[in-house]
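Input: a single structure, listed below in structure tokens.
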Amino acid sequence: MELGSTVRAVKSQRVLVGDEVCPAVIIIKDGKICEIHSDKNFSGGDSSEVLDAGDSVVMPGIVDCHVHVNEPGRTSWEGFWTATRAAAAGGVTTIVDMPLNSTPPTTKLGHFHEKLREASGQCFVDTAFWGGVIPGNQLELRPMIQAGVAGFKCFLIHSGVDEFPHVTDADLHSAMKQLQGTGSVLLFHAETEVQQTSEENGDPCQYSTFLQSRPDVMEVEAIRIVCDLCLQYQVRCHIVHLSSAKPLKLIHEARQAGAPLTVETTHHYLSLCAESIPAGATQFKCCPPIRGSMNQEQLWSALKAGQIDMVVSDHSPCTPDLKKLETGDFTQAWGGISSLQFGLPLFWTSASKRGFQLSDVVRLLSRKTAQLCSLDHQKGSLAPGYDADLVIWDPEREFKIEETNIHHKNKITPYLGVSLQGAVCATIVRGRLVYREGSFCPEPLGKHLLIPHRRNQAQL
């Protein structure tokens, strides 16, 4: 079957139907899942349009709702062409682009239209877009909702780029008033400045020096603010990239009190720990920081208990010079980790050892992420009526991450040389074969996903 061609059916001995893995055939029509048959009840059809996946697992494509593509303006960091190819190679069928690190940032209706123009004809997978909340742009929010943004993101601390300033309390109240009743969602980078008890002047090449500069209390205090706002306004709120397990009690209490609050963590917080980061290895720097192994185990426990709703990449690339690899200075290096292509195997390598099932992978990497951005009526599930977005992968197959198989624009990643379990064989987007065993379809087939204006949704 040629790359880019239309797939009429996919069959495998291991299809994830509901929470069960069984032999099945997925019938596809007009880019949608039409029917799912047991293998015994399938009479065949044109074999040239049937993709036989053998014993590989077939499940819904990954929906990565936290991706910094950086186009327009910083395409030397990444861009829609390279980011979405990397996504396709990783079994990701939908990404949601973050509003910052592109210039201009997606903080005005005009900027959103500019972003859409730049992304046109460049996406190998389907792409939705977050807007941003910055000081003074509250009257742009409703027009952007009408235009189809998935929701909004704000920072409670410096964002790392000057054109996306962080918000004050007054800005947050103004934004919340605009978002009430819209059904939209506000995402929070939940760190805030706190009074440090003592000024650390450690070696900037030691990871511990950087870690001490972003203590857990910065997340705890920021999340306290988010919980209060969420309860007060009953606007959907979401905490991005939770790195610390300490605020989980606050989040639980706010939800118990009726806050429509969700939370994600990332592959790097679940896969990497502070004790293992070598001196000068600035490819490990991100904000909030990678914390200790005990904290990591608490994140895994919270994930298993349902206290953390989803897992995303927070793919945040940059050019090599910004990582300060020559000096190894953690205090000066850009904070961000590239992992869009490797989220599924990164997660499975660790999760499978902790008793997670394939159904948990779909829930945490596809279904809940689709819900967050109001795409759960068409993405993230294997059921009739949903888009035929499929990942075909081998959970047992091991592979090693090497520069030659990284499709991100810049190859800097803390995972270089790491062996992972779970190789992606093929990716199908709306019934079209976009990736197979290292090769891509010749032209981008992804669509822009503009979220229809929603009614108020009190809770995911």
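Because only heavy atoms are used, hydrogens play no part in the values below, and waters and symmetry mates are left out as well, while side chains stay in.
Between His189 and Phe155, the gap from one ring centroid to the other is short of 6.0 Å.
Qualifying salt bridge (Lys or Arg N to Asp or Glu O under 4.0 Å) partners for Glu163, counting only residues two or more places apart in sequence or in other chains: Arg74. With sequence neighbours excluded, the residues satisfying salt bridge (Lys or Arg N to Asp or Glu O under 4.0 Å) with Glu219 are Arg291. With sequence neighbours left out, the side-chain contact (heavy atoms from CB on, under 4.5 Å) criterion links Leu450 to Phe112, Leu116. Remark: Glu264 engages no residue in a salt bridge (Lys or Arg N to Asp or Glu O under 4.0 Å) (not counting sequence neighbours). Take Lys153 and apply the salt bridge (Lys or Arg N to Asp or Glu O under 4.0 Å) test, not counting sequence neighbours, and it matches no residue. With sequence neighbours left out, the side chain to side chain donor-acceptor pair (under 3.5 Å) criterion links Lys447 to no other residue.
Ser159 places a side-chain N or O within donor-acceptor distance of the main-chain N or O of Phe164, the cut-off being under 3.5 Å. Using a distance-only test at 3.5 Å, with no hydrogens or angles considered, no donor-acceptor pair links the side chain of Ser316 to the main chain of His68. The backbone N or O of Glu78 lies less than 3.5 Å from no partner atom in the side chain of Thr82, so there is not a single donor-acceptor pair. The backbone N or O of His66 lies less than 3.5 Å from no partner atom in the side chain of Trp130, so there is not a single donor-acceptor pair. With Lys323 contributing its side chain and Trp334 its backbone, the two residues share a donor-acceptor pair below 3.5 Å.
Taking each heavy atom of Ala254 and Leu261 in turn, the nearest pair found is CB-CD2, 4.2 Å. Closest of all the heavy-atom pairs between Leu299 and Leu270 is CB-CD2, 4.0 Å. The two atoms that bring Ile451 and Ser374 nearest to each other are CG2-CB, 3.8 Å, heavy atoms only. Of all heavy-atom pairs between Tyr269 and Leu242, the closest is CD1-O, 3.3 Å. Scanning both residues, Ala388 and Ile33, for their nearest heavy atoms gives CA-CG1, 3.9 Å.
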Residue pair Val418, Thr349: steps toward the side chain to side chain contact (heavy atoms under 4.5 Å, CB included) verdict:
CA-CA 11 Å; Val418 171; Thr349 299; over 6 Å; no
With side chain to side chain contact (heavy atoms under 4.5 Å, CB included) as the test, would you mind laying out the steps for Val21 and Gln357 before giving the verdict?
CA-CA 10 Å; Val21 178; Gln357 305 300 311; over 6 Å; no
Verify side chain to side chain donor-acceptor pair (under 3.5 Å) between Asp321 and Thr319, making sure each step is shown before the conclusion.
CA-CA 6 Å; Asp321 58 303; Thr319 51; 2.6 Å; yes
Assess the residue pair Asp55 and Arg14 against the criterion (salt bridge (Lys or Arg N to Asp or Glu O under 4.0 Å)); give the C-alpha distance rounded to whole Å, side-chain angles, the decisive distance to 0.1 Å, and a yes or no.
CA-CA 6 Å; Asp55 195 37; Arg14 291 196 287 176; 3.6 Å; yes
Run Trp348 and Leu358 through side chain to side chain contact (heavy atoms under 4.5 Å, CB included) and show every step you take.
CA-CA 9 Å; Trp348 183 246; Leu358 290 170; 3.9 Å; yes
Report the C-alpha separation of His238 and Thr262 in whole Å, then their side-chain angles, then the decisive distance to 0.1 Å, and conclude whether the side chain to side chain donor-acceptor pair (under 3.5 Å) test is met.
CA-CA 5 Å; His238 178 76; Thr262 50; 2.7 Å; yes
If you apply the rule side chain to side chain contact (heavy atoms under 4.5 Å, CB included), what do you find for Val312 with Val67, and how did you get there?
CA-CA 8 Å; Val312 299; Val67 179; over 6 Å; no
Determine whether Gln378 and Asp387 satisfy the following criterion, side chain to side chain donor-acceptor pair (under 3.5 Å), listing intermediate values before the conclusion.
CA-CA 5 Å; Gln378 69 181 107; Asp387 286 353; 3.0 Å; yes
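The shortest distance between side-chain heavy atoms of Thr6 and Glu49 does not fall below 4.5 Å. Taking the side chain as every heavy atom from C-beta outward, Pro414 and His268 never approach each other to under 4.5 Å. For the pair Pro317/Ile412, no side-chain contact is recorded, criterion being any heavy-atom separation below 4.5 Å from C-beta on. Under the 4.5 Å side-chain criterion, counting only non-hydrogen atoms from C-beta, Cys227 is in contact with Ile223. Within the 4.5 Å cutoff, the side chain of Asn70 has no heavy atoms near those of the Met98 side chain. Residues Arg214 and Pro288 have side chains not in contact (no heavy-atom distance under 4.5 Å, counting atoms from C-beta outward). In this structure the side chain of Ile428 reaches within 4.5 angstrom of the side chain of Leu51, judged on heavy atoms. Two residues are said to be in side-chain contact when any heavy atoms from C-beta on lie closer than 4.5 Å; Leu248 and Ile308 meet this criterion.
Applying the side chain to side chain donor-acceptor pair (under 3.5 Å) test to residues at least two apart or on different chains, the pairs with a partner in residues 118-127 are Glu71-Gln122, Asp126-Lys379, Asp126-Arg430. Residue pairs that meet the side chain to side chain donor-acceptor pair (under 3.5 Å) test with at least one member in residues 402-426, sequence neighbours left out, do not exist here. Pairs passing the salt bridge (Lys or Arg N to Asp or Glu O under 4.0 Å) check and including a residue from residues 293-305, sequence neighbours excluded, read Glu297-Arg354. Listed by first then second residue, pairs satisfying salt bridge (Lys or Arg N to Asp or Glu O under 4.0 Å) with a partner in residues 339-349 number zero, not counting sequence neighbours. The list of salt bridge (Lys or Arg N to Asp or Glu O under 4.0 Å) pairs with a residue in residues 432-443, not counting sequence neighbours, reads Arg397-Glu437. Residue pairs meeting the salt bridge (Lys or Arg N to Asp or Glu O under 4.0 Å) criterion with at least one member in residues 83-106, sequence neighbours excluded, are Asp97-Lys115.
Between His166 and His158, the angle of the ring planes lies from 30° to 60°, which puts this pair in the tilted group.
With a 6.0 Å radius and a threshold of 12 heavy atoms from other residues, nucleotides or ligands, Asp30 has its CG atom at or below the threshold. In the displayed structure, Lys32 atom NZ is contacted under 6.0 Å by more than 12 heavy atoms of other residues, nucleotides or ligands.
Test Trp393, Phe342, Trp300 against Phe347 for ring pair (Phe, Tyr, Trp, His ring centres under 6.0 Å) and you get one pass: Trp300.
Here the CD1-CG distance, from Ile290 to Leu272, works out to 4.5 Å after rounding to the nearest 0.5 Å. Taking CG of Asp64 as the start and CD of Gln341 as the end, the distance is 12.5 Å to the nearest 0.5 Å. Separation of atoms CG (Leu382) and CZ (Arg367) is listed at 11.5 Å; rounding is to 0.5 Å. To the nearest 0.5 Å, atom CG of residue Leu445 and atom CZ of residue Phe124 are 8.0 Å apart. To the nearest 0.5 angstrom, Leu303 atom CG is 5.0 Å from Leu364 atom CG. To the nearest 0.5 Å, the span separating CD on Glu191 from CG on Asp216 amounts to 10.0 Å.
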